[in-house]
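The next block holds one structure in the form of structure tokens; read it before the comments.
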Amino acid sequence: MYASHQKVNPKEVLVGWFSTGFGVSGGSTLIHEFYSREVQSPIHLTVDTGFTMGEASIKAYVSSNLSLGDRHLAAQFQEIPLDLKMLDAEKVGFEMLKSTMVEKLPNDLEGMESSMQKLYALIDEIYKYVDDVVEARVAPDNKIGRFIADTVSSMPKLSPASFDRLFNDKIQDNLALVYLSSITRTQIAVAEKLNTAAQVL
């Protein structure tokens with residue numbers, strides 16, 4: 001399977017394996033030993049899907065052998081720093097998974113509203129930081145200043161009218177998708193009921 005995957009994605013390499021659960025389990029050593037034959041110093045990634053600590057935690061480990069002389073005693077897993085990088089759409093889903101109390105999954109409009117609220121909060125923090133620097137309440141940081149400048153310069157320059165028109169067009173597209181998906185679900189439900197009725201007759 002790995003050889004077939006390499007033919008399609010030659011740039012991807014095997015770096016380790018993952019498991020669901022909170023931390024390292026008793027069987028992790030055997031699985032890790034298997035991957036050690038394929039990769040030098042493989043990484044073990046754990047994803048807590050049971051929300052043991054009230055949130056979905058993701059941790060990475062490497063294994064080191066504990067030995068006494070020539071005798072191998074055990075394998076010790078050590079946690080290593082982990083940096084999560086996700087697409088914007090993935091971030092929205094992951095933020096929803098962090099909470100254990102979710103009544104329902106958000107639709108596109110609700111997800112957009114949540115993202116906009118977080119964006120407003122970040123903009124307020126930036127405004128506060130810039131005001132503090134201008135008023136000499138906080139020492140300026142060149143790295144933060146360059147990052148803010150690069151972010152602002154990367155934004156498209158649109159007039160308010162053009163932005164409103166673009167935003168409204170996007171909203172209309174989302175509403176059309178919601179309407180079409182609702183019609184599709186209704187048609188599938190009707191077809192299933194007709195099929196069941198035909199089998200009964």
Side-chain angles (χ1 to χ4, degrees), residues 11-24 28 32 39-64 76-171 173-174:
K11 294 184 179 181
E12 294 186 3
V13 295
L14 188 65
V15 296
W17 63 287
F18 80 95
S19 65
T20 57
F22 184 70
V24 180
S28 298
H32 201 79
V39 182
Q40 183 179 4
S41 185
I43 297 174
H44 176 30
L45 189 72
T46 61
V47 182
D48 182 19
T49 56
F51 302 95
T52 305
M53 303 299 293
E55 63 178 7
S57 63
I58 302 176
K59 297 182 180 180
Y61 301 88
V62 293
S63 176
S64 59
Q76 180 183 19
F77 284 93
Q78 297 177 341
E79 186 176 351
I80 59 176
L82 179 65
D83 185 19
L84 292 177
K85 293 184 178 180
M86 295 177 283
L87 300 175
D88 292 338
E90 295 172 338
K91 287 181 180 179
V92 174
F94 187 74
E95 290 296 328
M96 287 299 303
L97 289 176
K98 279 186 175 181
S99 174
T100 56
M101 299 296 292
V102 179
E103 295 180 359
K104 66 182 183 68
L105 293 177
N107 55 34
D108 292 339
L109 295 178
E110 292 171 343
M112 183 184 297
E113 181 182 4
S114 175
S115 299
M116 292 301 294
Q117 290 175 351
K118 293 176 182 177
L119 179 61
Y120 281 137
L122 291 174
I123 292 175
D124 288 339
E125 290 184 11
I126 293 174
Y127 271 127
K128 183 177 182 302
Y129 172 78
V130 173
D131 289 339
D132 290 341
V133 170
V134 171
E135 298 295 333
R137 291 191 293 266
V138 175
D141 189 328
N142 293 333
K143 291 183 179 180
I144 297 177
R146 282 193 292 269
F147 181 78
I148 294 175
D150 292 340
T151 303
V152 173
S153 63
S154 65
M155 295 175 60
K157 294 178 174 59
L158 296 174
S159 64
S162 299
F163 179 80
D164 288 341
R165 184 170 60 254
L166 182 64
F167 184 78
N168 289 329
D169 290 343
K170 179 66 175 177
I171 293 293
D173 292 341
N174 287 334

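Here, residue 1 is the first one in the sequence, and each next residue gets the next number. Keep in mind it's a predicted model, so treat the numbers as computed, not measured.
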Test side chain to side chain contact (heavy atoms under 4.5 Å, CB included) on Phe18 and His44; report intermediate values, then the result. CA-CA 6 Å; Phe18 80 95; His44 176 30; 5.7 Å; no

Under the side chain to side chain contact (heavy atoms under 4.5 Å, CB included) criterion, do Asp48 and Lys59 qualify, and how do the steps go? CA-CA 9 Å; Asp48 182 19; Lys59 297 182 180 180; over 6 Å; no

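The line from CG of Leu82 to CD1 of Ile58 is 7.0 Å long, rounded to the nearest 0.5 Å. Summarising the geometry, atom CD1 belonging to Ile123 is positioned 4.0 Å from atom CG belonging to Leu119; distances are rounded to the nearest 0.5 Å.
The pair Lys128-Asp132 meets the salt-bridge criterion, since a charged nitrogen lies less than 4.0 angstrom from a carboxylate oxygen.
Of all the heavy atoms in Gly16 and Pro42, the pair that sits closest is CA-CB, 4.0 Å. The minimum heavy-atom distance between Asp141 and Tyr129, with the atom names listed, is N-OH, 3.3 Å.
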